[in-house]
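Reading through the structure tokens given below for one structure.
Below, chain A is the first sequence line, B the second, and so on; all start at residue 1. Just so it is clear, the structure is predicted and the values come from calculations on it, not from any experiment. Keep in mind that the numbers below use all heavy atoms, side chains included, and drop hydrogens, waters and symmetry copies.
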Protein chains: 2
Amino acid sequence: MRRLDSPSLHIFTADETVFHRIREMGTLGDAHWHAKRLTNPVELDNLPVGSLVMIDSAHAQRPDWNDTRWRAWAGHLSIIVLSSEPRDDEGILAMDSGASGYCNAYANEATLRQVVEVVASGELWVGRSLLTRLLRGVSQNLGKSAAPTSDAWRKALTEREVEVATMAAQGASNLGIAEVLGITERTVKAHLTSIFEKLDIADRLQLALRVHGVK
Amino acid sequence: MRRLDSPSLHIFTADETVFHRIREMGTLGDAHWHAKRLTNPVELDNLPVGSLVMIDSAHAQRPDWNDTRWRAWAGHLSIIVLSSEPRDDEGILAMDSGASGYCNAYANEATLRQVVEVVASGELWVGRSLLTRLLRGVSQNLGKSAAPTSDAWRKALTEREVEVATMAAQGASNLGIAEVLGITERTVKAHLTSIFEKLDIADRLQLALRVHGVK
DNA sequence: ACCCTACCTGTACCTGGGTACGATGCGCCG
DNA sequence: CGGCGCATCGTACCCAGGTACAGGTAGGGT
């Protein structure tokens, strides 16, 4: 981890109470972050890599769960989706869209702080309810041949390369990736060349197959 | 809720390194617990309600995952299963047996502390790899039961086009497909153009994603 | 001090993929 | 019969993707 963690926490919500609670929270205790309000989804595009972002699922401007922008954001941001009425199915959608966390917007202070810390450290966070449900779902199907779903490619790559790889595997163009990451198309190509070499593959289609567990 | 955390953390492992690391960890920083070594599984029965316990999955005496004792322990203890070689399937078994957490025994200090805190606060913890796998399993099942996206593309295409599409989606080159099917590369291109138009996509990467159920 | 890695960029070049604008033959159906 | 979908093929063209060669900076480790 060479990149300095951004001390700022960006919040996209229309709920005053939620915003203020999170902001206060950042000024207390050992956690110390800097809450910034976002008013428009496009602002997410230009946030520095690795930024921590909270998105209120109830916000009217929140992009649909299968909006392609989620992929891009997930590539370079750590996203926590807040829901004032958490439901398991919504949680699955959110996590599927690339969020790193899904929790109750009105969770108690300690929990919220914990979520932030977990996500900031690169892990994922979902609540007890959702997680048990996920486990139940899988253990029922355990009898079937469980696909390996190798995540190995991730470990072979650097942080930046993982970002580029995931976006490319989603079908993003080099230029598109470059714009989202705020770098040159040339650099994207460089990353991809390195990725191809490390994974011993020839092109982005093979990469997509690898990333998505085919082949 | 500010329930007093039990200050003692019980550890059931045969690995000296693991035990000592955890113990040291408890004496540093803001986390402060008291590591106690367990040598026999029966000791788990008599621990006070709510105790935090770490169990090394590699321990020879560790009860089998479907041992009924797990249920009993899970009822009054918070269990974290440590694995020196974490695997998703083992994680599922452990969590299914009632564990509240599953993580790498050699995870870095910050992560281990985080796991302890999360579990101590009544939540569950699993690593990124396992959680993404769980999510994938569920979202795929959702897709199958709700929206039959998997087979839709087939029905939109002719027999020949399906042949070409499946090969292209596997990463085959136009020339390669041509040779296998005994036709010209030009014809392959023609088929692909038709495929792209019918499926309303732009290139073979999008095709691959469609064919393999992503997007 | 030196090396290594991660990350970033420039210029130049080649090629495969995809499109545009054609063509031919075959079977089916109103 | 004429039209239409399907499968096949030709030539020419454009360009995104990928490679080759050549760098620069910053941080961490020896």
Side-chain angles (χ1 to χ4, degrees), chain A residues 1-6 46-51 68 72 75-77 122 153-211, chain B residues 108-110 153-212:
Chain A
M1 171 107 57
R2 57 186 34 258
R3 191 169 298 275
L4 287 177
D5 288 340
S6 154
N46 301 321
L47 291 179
V49 174
S51 296
T68 53
H76 74 292
L77 301 173
W153 61 272
R154 223 175 250 283
K155 290 193 262 296
L157 305 180
T158 70
E159 243 179 279
R160 200 55 154 172
E161 286 165 353
V162 170
E163 292 183 70
V164 174
T166 49
M167 293 183 68
Q170 288 294 325
S173 71
N174 288 346
L175 192 56
I177 298 173
E179 282 167 358
V180 171
L181 297 185
I183 54 180
T184 321
E185 184 181 359
R186 176 65 190 85
T187 308
V188 175
K189 287 185 175 185
H191 284 309
L192 280 171
T193 304
S194 169
I195 291 167
F196 296 154
E197 192 189 356
K198 286 182 178 177
L199 299 183
D200 192 31
I201 52 182
D203 52 40
R204 63 211 293 121
L205 206 163
Q206 302 296 333
L207 175 63
L209 297 180
R210 185 74 69 88
V211 166
Chain B
N108 64 63
E109 197 176 306
W153 61 273
R154 248 173 224 282
K155 290 194 255 300
L157 306 180
T158 70
E159 241 180 281
R160 199 57 154 171
E161 284 166 352
V162 169
E163 290 184 81
V164 175
T166 50
M167 295 184 67
Q170 290 291 327
S173 71
N174 289 344
L175 192 56
I177 298 173
E179 282 166 358
V180 171
L181 297 185
I183 55 181
T184 322
E185 185 180 358
R186 176 66 190 85
T187 308
V188 175
K189 287 187 175 185
H191 284 309
L192 280 172
T193 304
S194 169
I195 291 168
F196 296 154
E197 193 188 356
K198 286 181 178 177
L199 299 184
D200 191 31
I201 52 181
D203 52 42
R204 63 213 291 123
L205 205 164
Q206 301 296 333
L207 176 62
L209 297 180
R210 186 73 69 85
V211 166
H212 293 111

Non-hydrogen side-chain atoms of A:Leu157 and A:Ile195 separated by less than 4.5 Å: yes

Smallest heavy-atom separation, A:Ala202 atom then A:Phe196 atom, equals O-CD1, 3.9 Å

Which part of the nucleic acid does B:Thr187 contact within heavy-atom distance under 4.0 Å: base, sugar-phosphate only, or nothing? base

Within this structure, what is the CD1-to-C1' distance between B:Ile177 and D:dA7, rounded to whole angstrom? 16 Å

Quantified as the angle between the terminal helix axes (five pairs each), what is the overall bend of the helix from C:dA1-D:dT30 to C:dG30-D:dC1 to 10 degrees? 30°

So which heavy atom on B:Arg204 is nearest to which on B:Ile177, and how close? NH2-CD1, 4.3 Å

Nearest atoms (heavy-atom pairs only) where A:Ala156 meets A:Leu199: CB-CD2, 4.2 Å

Taking the side chain of A:Glu185 as its heavy atoms from C-beta onward, which of D:dG17, D:dC9, C:dA6 lies nearest to it? D:dG17

Which letters describe nucleotides 18-23 of chain D, given B = protein heavy atom under 4.0 Å from base, S = only from sugar-phosphate, - = neither? BBBB--

Side chain to side chain contact (heavy atoms under 4.5 Å, CB included) partners of A:Val180, counting only residues at least two apart: A:Ala72, A:His76, A:Met167

Whole-Å gap separating P (D:dT8) and CD (B:Glu179): 15 Å

Tell me whether the side-chain N/O atoms of A:Thr184 come closer than 4.0 Å to OP1 or OP2 in C:dC8. no

Roughly, in whole Å, what's the span from CD in A:Glu161 to P in C:dA6? 7 Å

Identify whether any heavy atom of B:Ser173 sits under 4.0 Å from a base atom; if not, whether one sits that close to sugar-phosphate; answer base, sugar-phosphate or nothing. sugar-phosphate

Expressed in angstrom and rounded to an integer, what is the separation of B:Gln206 atom CD from C:dG17 atom C1'? 14 Å

Just how far, in rounded Å, is P of D:dG17 from CG of A:Leu207? 13 Å

Sort and list the pairs that fulfil side-chain hydrogen bond (donor to acceptor under 3.5 Å, both in side chains) and have at least one residue in residues 177-194 of chain B, not counting sequence neighbours. B:Glu161-B:Ser194

Is there a side-chain polar atom (N or O) of A:His191 under 4.0 Å from OP1 or OP2 of C:dC7? no

List the residues meeting side chain to side chain contact (heavy atoms under 4.5 Å, CB included) with A:Ala169, not counting sequence neighbours, and say none if there are none. A:Ala208, A:Val211, A:His212

Which heavy atom of B:Leu207 sits nearest to which heavy atom of B:Ala168, and what is that distance? CD2-CB, 4.1 Å

Residue pair A:Thr158 / A:Lys198: nearest heavy atoms and the distance that separates them: CG2-NZ, 3.6 Å

Rounded to whole angstrom units, what separation is found between the CG atom of A:Leu175 and the P atom of D:dC15? 14 Å

Given atom CD1 of B:Ile195 and atom P of D:dG5, what is their separation to the nearest angstrom? 17 Å

Given C:dG17, C:dC7, D:dT8, which nucleotide is nearest the side-chain atoms of A:Thr158? C:dC7

